[in-house]
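All values below come from the heavy atoms of this structure, side chains included, with hydrogens, waters and symmetry mates left out.
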Amino acid sequence: MANVGYVRVSTVEQNEGRQVAALKPHSIDKWYIDKCSGKDTDRPQFKAMLDYIREGDTVFVEDFSRLSRSVADLLKILESCKHKKIRLVSLKENTDTSTPT
């Protein structure tokens, strides 16, 4: 079981340091960092992360907007994680899919 960190900034000029610092206390084993728009799910590191994660892994994000900019895509991602039995934790929204809330 791995702790996976996913970080995304919208442009190559933006700094991902704030998000990385927020996730570090969670003992991240594997990092995926994209520097591109979140308007769709066609992002190289996002795809690599989805290929990597296995049942029992936990994906940490600073907030849901790092995963997706649309509710429809976010719901698909959440459903995919649920199907794969992947725990998803969003720090900003204080959400952990392994809990009832």
Side-chain angles (χ1 to χ4, degrees):
M1 294 186 280
N3 286 342
V4 176
Y6 180 72
V7 172
R8 184 189 61 77
V9 292
S10 298
T11 68
V12 294
E13 293 84 21
Q14 290 179 318
N15 186 320
E16 70 277 4
R18 179 184 55 81
Q19 292 177 57
V20 170
L23 299 181
K24 272 194 177 178
H26 299 280
S27 302
I28 302 300
D29 301 305
K30 182 87 171 150
W31 291 91
Y32 293 92
I33 300 173
D34 273 316
K35 290 192 170 200
C36 57
S37 172
K39 67 180 177 186
D40 59 42
T41 57
D42 188 26
R43 295 168 288 192
Q45 290 296 295
F46 179 74
K47 286 179 168 182
M49 180 194 68
L50 292 179
D51 287 341
Y52 175 83
I53 54 177
R54 302 287 182 260
E55 182 176 332
D57 288 351
T58 301
V59 174
F60 289 89
V61 295
E62 195 228 353
D63 69 77
F64 282 137
S65 70
R66 303 303 87 202
L67 284 176
S68 174
R69 300 299 284 170
S70 82
V71 173
D73 282 343
L74 179 59
L75 291 173
K76 287 177 191 173
I77 293 164
L78 290 170
E79 187 58 36
S80 174
C81 287
K82 180 181 174 184
H83 179 73
K84 288 178 145 183
K85 298 181 181 173
I86 305 296
R87 178 180 168 213
L88 180 63
V89 175
S90 174
L91 303 182
K92 182 178 178 182
E93 289 84 9
N94 196 27
T95 300
D96 181 338
T97 60
S98 69
T99 67
T101 57

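- You'll find the side chain of Trp31 reaches within 4.5 Å of the side chain of Val20, heavy atoms only.
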### Task
With side-chain contact (heavy atoms from CB on, under 4.5 Å) as the test, would you mind laying out the steps for Arg69 and Arg8 before giving the verdict?
CA-CA 11 Å; Arg69 300 299 284 170; Arg8 184 189 61 77; 3.5 Å; yes
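- When hydrophobic clusters are built by joining Ile, Leu, Val, Met, Phe, Trp and Tyr residues whose side-chain heavy atoms come closer than 4.5 Å, directly or via intermediates, Val89 is not grouped with Leu74.
- Checking side-chain atoms of Asp29 against main-chain N and O of Asn3 turns up a donor-acceptor pair under 3.5 Å.
- Checked against Ile86 for a side chain to side chain contact (heavy atoms under 4.5 Å, CB included), the options Thr97, Asp57, Leu50, Val4 give a single hit: Asp57.
- Side-chain contact between Thr58 and Met1 is absent, with no heavy-atom pair separated by less than 4.5 Å.
- Phe46 and Tyr6 have perpendicular rings, their planes meeting at more than 60° on a 0 to 90° scale where under 30° would count as parallel.
- Phe60 and Ile33 fall within the same hydrophobic cluster, defined by Ile, Leu, Val, Met, Phe, Trp and Tyr side-chain heavy atoms under 4.5 Å apart, directly or through other members.
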### Task
Carefully, step by step, assess Leu91 and His26 under the rule side-chain contact (heavy atoms from CB on, under 4.5 Å).
CA-CA 10 Å; Leu91 303 182; His26 299 280; 3.4 Å; yes
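- Taking a 6.0 Å sphere around NZ of Lys92, one finds it holds 12 or fewer heavy atoms contributed by other residues, nucleotides or ligands.
- Put simply, the side chain of Arg18 reaches to within 4.5 Å of the side chain of Glu62, judged on heavy atoms.
- Hydrophobic clustering (ILVMFWY, side-chain heavy atoms < 4.5 Å, transitive): Ile77 and Phe64 are in one cluster.
- The shortest non-hydrogen separation linking Tyr32 to Lys30 is OH-CE, 3.1 Å.
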### Evaluation steps, side-chain contact (heavy atoms from CB on, under 4.5 Å), between Val7 and Arg66
CA-CA 6 Å; Val7 172; Arg66 303 303 87 202; over 6 Å; no
